[in-house]
There are 2 protein chains.
Amino acid sequence: METSILKKVYIFSGLSEEELEDVQKITRTKTFNKGDIIFFDTEPYLGFYITVSGLVKIYKISKDGREHILHLINPYNTFAEVPLFENFGEIREDAFRYPANAMALEDQTKVVLIPARPFTELLAENSRISLKMLSGFAKRLRHLNRHIEEITLKDVTKRVANFVLSEYINKRKTKLDSTHSIRLNISKNDLASYLGTILETLSRTFKKLQEEGIILVEGRTILIKDFEKLKETAS
Amino acid sequence: METSILKKVYIFSGLSEEELEDVQKITRTKTFNKGDIIFFDTEPYLGFYITVSGLVKIYKISKDGREHILHLINPYNTFAEVPLFENFGEIREDAFRYPANAMALEDQTKVVLIPARPFTELLAENSRISLKMLSGFAKRLRHLNRHIEEITLKDVTKRVANFVLSEYINKRKTKLDSTHSIRLNISKNDLASYLGTILETLSRTFKKLQEEGIILVEGRTILIKDFEKLKETAS
DNA sequence: TTAGCTTTTTGACTTAAGTCAAAGGGTTAG
DNA sequence: CTAACCCTTTGACTTAAGTCAAAAAGCTAA
């Protein structure tokens, strides 16, 4: 693994070449195929990860097997940093375990492990990383806040509409592609689990939104036919 | 407001008397009565808060008026720190707004405002605060994770049972009180909103758990009659 | 003590979303 | 080319939890 990868990771983005090499030395790269488990929430904590390529889902499972996806981790984003900071204060039984499960969603999903111990030492020396990390945590807290708001205060139709809308707005910001459509990079089953519902209900909801002339679903491509109506449905 | 209060706040707990006085100088104390709004999620961000006495709820409201409580903030705990760290990177429209609403739940709820600008300067100088803050964020991320898990993967009965159980375990850890009971410091309406349900459903659930001989509810006191069965119901 | 609140309980009913089962499409590998 | 597989859709049915309305129980303050 090269330091050029680390540079693209937000928390490491301010480091010197030398510092990057220090980090690079302690990492371990692993490759997973679709459906492979990266870790379970029952495992002892080793360190946090960077997704380098592919896609990772962070999720919880209920006793009876239902699943809920908390985060989807795209390339150059990190996951499982929380336990790094839980050694302070009283020792909770769930400290030093991963907070959730992680699974690769695509073949050739490459992740980099940053082992906890050497990293925390680096952190103590380099306060710029702490600030970056705080910013990263803040973003994630916002995300979870919004997630809870969605799931507890909105029905499935609103959630689906809002998902399509957010993805579309996000795409417009980053990609130079002027089609009024989005492309899902996950299965509808996973999307349902991310939106706090099940495949069948998602399917019926897509159908309803189509019948109302708001969107058009073709496989993993969703065409937005009535942006205003979509916004209205989402809010 | 005295520095003795700040000392009891986790993120300030490692500071010298001198540093505490620096913080103390920039604070502003406010007192609220039950039902008073501390801030709305639509307001521009001023800074974060410490609850000094009383109780604060952090919550979201849907368009049609339904409410969901995200956090309950007890004395010496902080809230609304997230926007402090959102100035970095792209400016989101919701940056510099509060992430949720805050309301006092008791009369004479005293809160201390730490204005953002002077505090971030302090933060840049004092990296120990950053680490404490990271630890605080980590705890909150865990909490939200668990919260989402509860709401999406468990039914109301399990959630209620688990709430009683957690409160009880928590009480045993902190207070020297050997009764097998807990005392709610919030109304059942607020508890329902915290557990992602409504008052009527909570009431019926309590009734059911009583009929099963697991608990006994008397006003705001809940007596645990069958601990094992409670654990079983909660899991 | 009682009037006037707020909070909680209970009953009857509705409904959104989940479950179960079967069939349809699409993709891939031999 | 086709069998085997996975992913998705559709239909029929169930159910947990929400809504609405009214009564009951608790508090508080004059």
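The model shown is predicted, which means the values in this text are computed figures rather than measured ones. Chain letters run A, B, ... following the sequence lines, proteins first, then strands; residues in each count from 1. Note: hydrogens, waters and symmetry copies are ignored here, and every other heavy atom, side chains too, is used.
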Could you tell me how far apart [X] ([atom1]) and [N] ([atom2]) are, to the nearest whole angstrom?
{"X": "B/Phe206", "N": "C/dT10", "atom1": "CZ", "atom2": "P", "answer": "13 Å"}
{"X": "A/Lys34", "N": "D/dC6", "atom1": "NZ", "atom2": "C1'", "answer": "8 Å"}
{"X": "A/Lys207", "N": "C/dA17", "atom1": "NZ", "atom2": "C1'", "answer": "16 Å"}
{"X": "A/Leu202", "N": "C/dT19", "atom1": "CG", "atom2": "P", "answer": "15 Å"}
{"X": "A/Asp107", "N": "D/dC6", "atom1": "CG", "atom2": "P", "answer": "14 Å"}
{"X": "A/Leu105", "N": "D/dC6", "atom1": "CG", "atom2": "C1'", "answer": "15 Å"}

- Query: Where do B/Ser181 and B/Lys171 land on the side chain to side chain contact (heavy atoms under 4.5 Å, CB included) test, with the steps shown first?
  - Reply: CA-CA 9 Å; B/Ser181 68; B/Lys171 188 196 92 170; 4.2 Å; yes
- Note on the structure: Closest of D/dT8, C/dT9, D/dA16 to the A/Leu199 side chain is D/dT8
- Message: I want to verify a distance call: between D/dG11, D/dA17, D/dT9, whose nearest atom is closest to the B/Val156 side chain?
- Response: D/dA17
- Classify the side-chain pair B/Ser62/B/Asp64 by whether it contains a donor and acceptor separated by less than 3.5 Å.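 Per modelled atom types, B/Ser62 and B/Asp64 side chains form a pair under 3.5 Å.
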- Query: Hey, is the main chain of A/Gly196 close enough, under 3.5 Å, to the side chain of B/Thr152 for a donor-acceptor pair?
  - Reply: no
- Item | Expected output: side-chain A/Lys229 to main-chain A/Glu212 donor-acceptor under 3.5 Å | yes
- Classify every nucleotide of nucleotides 20-30 of chain C by which part a protein heavy atom approaches to under 4.0 Å, writing B for the base, S for the sugar-phosphate alone and - for neither, in 5'-to-3' order. BB---------
- Task: List the atom of B/Val156, the atom of B/Thr201, and the distance in Å for their closest heavy-atom pair.
- Result: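 Smallest interatomic distance, heavy atoms only, reads CG1-CG2, 4.0 Å.
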- Message: Run the side-chain hydrogen bond (donor to acceptor under 3.5 Å, both in side chains) test on B/Ser203 and B/Lys188 for me, step by step, so that the C-alpha distance in whole Å, both residues' side-chain angles and the decisive distance to 0.1 Å come before the verdict.
- Response: CA-CA 8 Å; B/Ser203 182; B/Lys188 293 198 175 138; over 6 Å; no
- Query: Of B/Lys139, B/Arg142, B/Arg140, which is the lone residue that meets salt bridge (charged side-chain N to carboxylate O under 4.0 Å, His left out) with A/Glu86?
  - Reply: B/Arg142
- Task: Kindly assign one of parallel, tilted or perpendicular to the pair A/His180 and A/Tyr168, based on the angle between their ring planes and the thresholds 30° and 60°.
- Result: tilted
- Message: Is the ring pair B/Tyr49/B/Phe79 parallel, tilted or perpendicular, if the boundaries are 30 and 60 degrees?
- Response: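 Correct class here is parallel.
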- Residues within residues 58-67 of chain B bordering DNA chain C, heavy-atom distance below 4.0 Å: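 None, since no heavy atom is under 4.0 Å.
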- Message: Expected output is a numbered-order residue list: members of residues 179-198 of chain B with a heavy atom under 4.0 Å from any atom of DNA chain C. What is it?
- Response: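 Those residues whose heavy atoms fall under 4.0 Å from DNA chain C, taken from residues 179-198 of chain B in numerical order, are B/Ser187, B/Lys188, B/Asn189.
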- Query: Within the pair A/Thr201 and C/dA17, is there a side-chain N or O less than 4.0 Å away from OP1 or OP2?
  - Reply: no
- Message: Would you say CD of A/Glu218 has more than 12 non-hydrogen atoms from neighbouring residues, nucleotides or ligands within 6.0 angstrom?
- Response: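 Atom CD in A/Glu218 is not crowded, with 12 or fewer foreign heavy atoms closer than 6.0 Å.
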- Any chance CD of A/Glu43 has more than 12 other-residue heavy atoms, nucleotides or ligands included, within less than 6.0 Å? yes
